[in-house]
Amino acid sequence: MNNSHSDVLIKFEKVSKKYGAFHALRDVSFEVKAGEIVGFLGPNGAGKTTAMRIISGFFPPTSGRVLIRGIDIAKHPHKAKRALGYLPETVSLYPDMKVIEYLRFVAKLKGVPGHELTDHVRGKMSFCGLLGVGHRLIGRLSKGYRQRVGLAQALMADPSVLILDEPTTGLDPTQIKEIRELVHALGQNRAVILSTHILPEVSTLCSRVMMINQGQILASGTVKELASCLKDREAIHLRLKDRRDQDHALKLLGAMPGVENLNCAEEVKGETFISFETSPEEDLRPLITKLFVEQGISLVEIQRQQLSLEDIFLGLLKDGKLGRRF
Amino acid sequence: MRKVFAIARKEFSSCFHSWLGVMMSVLVLLVSGVFFVILVLNYAKISMNPQQYGLSNFSGINQTQFIFGSFFINISIMLLFLVPILTMRSFAEEKRGETLELMFTYPLSDFEIVAGKQLGIVWFFEILLLPLLGYIVIYRWIGGEIDWGPVLLGYLGFWLLGNAYLAAGVFISSLTKSPMVSAIGTFSLLLVFWIFDWVEGISSGVWAHIFTELSPLAHYRNFTIGILDVQDLVYFGFFFFYFLFLTLRSIETRNWKS
Ligand SMILES: Nc1ncnc2c1ncn2[C@@H]1O[C@H](COP(=O)(O)OP(=O)(O)O)[C@@H](O)[C@H]1O
Ligand SMILES: [Mg+2]
């Protein structure tokens with residue numbers, strides 16, 4: 001292991017994965033350091049689960065290399081997996097086992113020594129709030145508790161790399177909050193990757209975000225970086241009374257400097273909505289109002305709006321490129 | 001080794017947790033009991049009046065051979081139904097529930113997983129065998145004379161045959177996500193092996209010889225008549241480990257068409 005990079009716990013080097021002819025991941029490279037909680041953000045089918053399965057050693061990539069704490073998982077799977085905790089997307093556990101029985105089983109498989117086993121399992125159960133349900137059958141637990149059991153099994157043997165695939169999907173708001181708190185506490189000295197298709201989750205939980213779609217990383221940055229990008233972008237929304245003015249208006253706006261991502265959506269009752277992005281330095285609204293009035297366009301509403309993470313994400317999904325934002 | 005035992009123990013107790021475990025134990029006891037009683041009664045009937053059955057001199061019949069030899073042949077049919085049900089869940093269920101996926105992320109070798117599963121099922125099978133030893137006690141109690149060699153060899157043969165079949169069943173289970181398909185597949189495979197044994201009777205020459213060599217029942221029969229042949233031991237050992245190896249390969253191919 002290279003000492004100067006010893007705090008890099010996960011490293012993807014040009015990783016691609018094909019299912020048959022289908023490219024699920026294309027040339028993905030990134031690093032995750034200790035203490036980071038990285039969020040994989042992307043719609044269903046983006047390739048998040050595929051990337052996580054590759055990290056967890058479930059299957060190898062078609063090409064490229066994955067290093068866990070500097071250990072190539074393809075060459076030394078046994079050694080690399082010792083540092084790993086994985087919570088799968090569908091937490092599938094043995095329904096006819098008791099919680100404590102199951103966790104002891106996992107601890108043994110992960111190589112927790114016999115004399116530490118009882119204390120170790122107890123510690124994880126207490127951390128995940130499972131002490132009260134130790135002797136219940138897993139199949140009889142609520143979804144929220146099953147998720148905690150899933151988290152507890154991932155934490156067995158204290159892995160330094162945690163992979164959590166959609167840890168909060170399907171939980172109610174209280175449970176989501178609890179799981180988030182647990183994950184936050186875990187992120188202190190580990191490398192955590194979690195995937196989600198819920199945007200707010202990323203901003204509340206993650207120190208860094210990777211936006212993924214169609215097997216590629218579209219954008220990557222800390223939440224702070226993303227926020228600063230957001231600050232210098234804003235959107236302007238226009239409403240036209242008469243949709244026959246639409247083409248004319250689009251032409252005028254298209255010729256205007258500083259207008260980006262021009263969009264047009266038809267609305268009910270013949271009204272048209274137009275929106276575009278611009279920088280907040282220069283307020284284009286007076287200019288547009290004046291121009292449209294001169295040209296006789298039936299402008300009835302003009303509105304300015306800060307771009308949210310969601311807007312950026314949707315924009316990225318649409319044109320699939322980063323633009324100059326990142 | 002500790003990990004293999006952990007998996008084996010889990011597999012073993014999951015056999016017990018299910019209603020299947022209880023049903024199987026009852027079934028094995030019931031069926032073997034019926035076979036045993038019928039054989040003993042038959043023997044008693046013949047020994048009362050050997051001439052009626054075309055036997056001039058009854059002392060020519062070996063008591064142990066008559067009862068236990070036939071007993072072991074008969075209960076081997078039971079394996080045809082028992083093995084598919086014991087093995088159907090082993091891998092199929094874990095593949096369906098995606099619990100196997102999680103197991104692959106633990107620091108375990110594929111061999112440890114396969115060996116653990118196989119061992120757990122073998123343990124459960126051995127527990128089912130225990131009551132069969134009771135028939136020796138009953139036999140002695142009703143005044144039978146025992147020839148220990150053939151009886152013990154019979155048990156050994158049954159154990160070997162059972163293990164071989166179980167390995168085949170676990171392999172079939174590793175091919176599918178559905179326990180039902182696994183059970184049907186295993187049953188069909190065992191049926192094919194069973195049919196091997198008939199070929200010997202209806203054909204002759206090289207083919208008869210080949211099928212006899214391949215037939216598990218032909219090798220098993222030697223044990224039931226009190227013959228211990230190294231060839232038979234090697235055969236069952238090879239059978240068992242070959243299917244274990246196939247299971248291992250089938251688990252490894254999760255890497256799919258990458
Ligand atoms: N085993 C598989 N065989 C074939 N295609 C698959 C397989 N697993 C996933 N895919 C495809 O790969 C793409 C990425 O899937 P996945 O990684 O599960 O996405 P996500 O987790 O982001 O929703 C999807 O289009 C999915 O249909
Ligand atoms: Mg997924």
Side-chain angles (χ1 to χ4, degrees), chain A residues 16-22 24 49 52-63 73-74 76-98 101-102 104-114 117 137-138 150 153-154 156-157 159 163 165, chain B residues 1-23 88-117 119-120 124 177-179 248-258:
Chain A
S16 294
K17 175 73 189 176
K18 280 179 165 185
Y19 295 116
F22 178 76
T49 299
M52 294 181 139
R53 284 181 158 181
I54 289 173
I55 303 174
S56 67
F58 179 65
F59 45 50
T62 310
S63 64
I73 188 149
H76 307 283
H78 212 276
K79 222 168 140 198
K81 283 176 186 175
R82 235 178 266 163
L84 201 96
Y86 179 53
L87 175 70
E89 191 168 6
T90 46
V91 184
S92 42
L93 309 161
Y94 305 99
D96 51 6
M97 276 179 109
K98 286 178 184 165
E101 203 184 357
Y102 171 67
R104 287 181 68 93
F105 170 64
V106 174
K108 277 184 209 161
L109 295 191
K110 286 195 166 189
V112 175
L117 198 77
L137 289 179
I138 293 173
Q153 67 76 30
M156 283 303 158
I163 311 294
D165 200 351
Chain B
M1 216 46 201
R2 189 164 155 258
K3 294 174 180 176
V4 173
F5 282 134
I7 296 172
R9 247 184 66 183
K10 193 221 125 240
E11 196 67 23
F12 177 71
S13 62
S14 84
C15 285
F16 264 117
H17 276 309
S18 62
W19 53 271
L20 272 175
V22 182
M23 259 208 15
M88 67 181 188
R89 295 170 71 217
S90 58
F91 277 103
E93 183 113 322
E94 295 228 15
K95 279 170 93 171
R96 187 175 59 173
E98 293 178 353
T99 43
L100 199 58
E101 172 182 349
L102 203 49
M103 196 108 81
F104 289 143
T105 69
Y106 297 156
L108 287 171
S109 65
D110 291 346
F111 175 76
E112 282 170 321
I113 296 176
V114 172
K117 294 227 155 233
L119 188 63
F124 188 72
K177 275 188 178 181
S178 150
L248 201 56
R249 292 309 303 268
S250 137
I251 293 305
E252 278 167 356
T253 52
R254 67 176 176 276
N255 302 340
W256 292 322
K257 342 131 204 173
S258 49

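Proteins get letters first, then strands, A, B, ... in listed order; numbering begins at 1 in each.
Heavy atoms only, all atoms of each residue included: B:Arg2 and A:Pro113 are closest at NH2-C, 3.9 Å.
Taking the side-chain contact (heavy atoms from CB on, under 4.5 Å) definition, one finds that A:Pro95 meets it with nothing, sequence neighbours left out. Residues passing the side-chain contact (heavy atoms from CB on, under 4.5 Å) test with B:Ser109 are B:Phe111, B:Glu112, sequence neighbours excluded.
With chain B as the partner, the residue from A:Met156, A:Arg82, A:Glu101 showing the most heavy-atom pairs under 4.5 Å is A:Arg82. Considering only heavy-atom pairs separated by less than 4.5 Å from chain A, the leading option among B:Glu94, B:Met103, B:Arg9 is B:Glu94. Of the listed residues (A:Thr90, A:Leu84, A:Val106), the one with the most heavy-atom contacts under 4.5 Å to chain B is A:Val106.
Between A:Gln153 and B:Tyr106 there is a side-chain heavy-atom pair separated by less than 4.5 Å.
No option in A:Pro88, A:Ser56, A:Ser92 other than A:Pro88 meets the side chain to side chain contact (heavy atoms under 4.5 Å, CB included) test with B:Glu101.
Looking at B:Leu102, only its side chain comes within 4.5 Å of chain A, counting heavy atoms on both sides. When heavy atoms are compared at a cutoff of 4.5 Å, A:Met97 approaches chain B solely by way of its side chain, counted from C-beta outward. The contact between A:Tyr94 and chain B is made by backbone and side chain atoms together, counting heavy-atom distances below 4.5 Å.
Here A:Lys81 contributes atom NZ and B:Leu108 contributes atom CG; the two are 8.0 Å apart, rounded to the nearest 0.5 Å. For the atom pair B:Lys10 NZ and A:Leu109 CG, the distance stands at 9.5 Å (nearest 0.5 Å).
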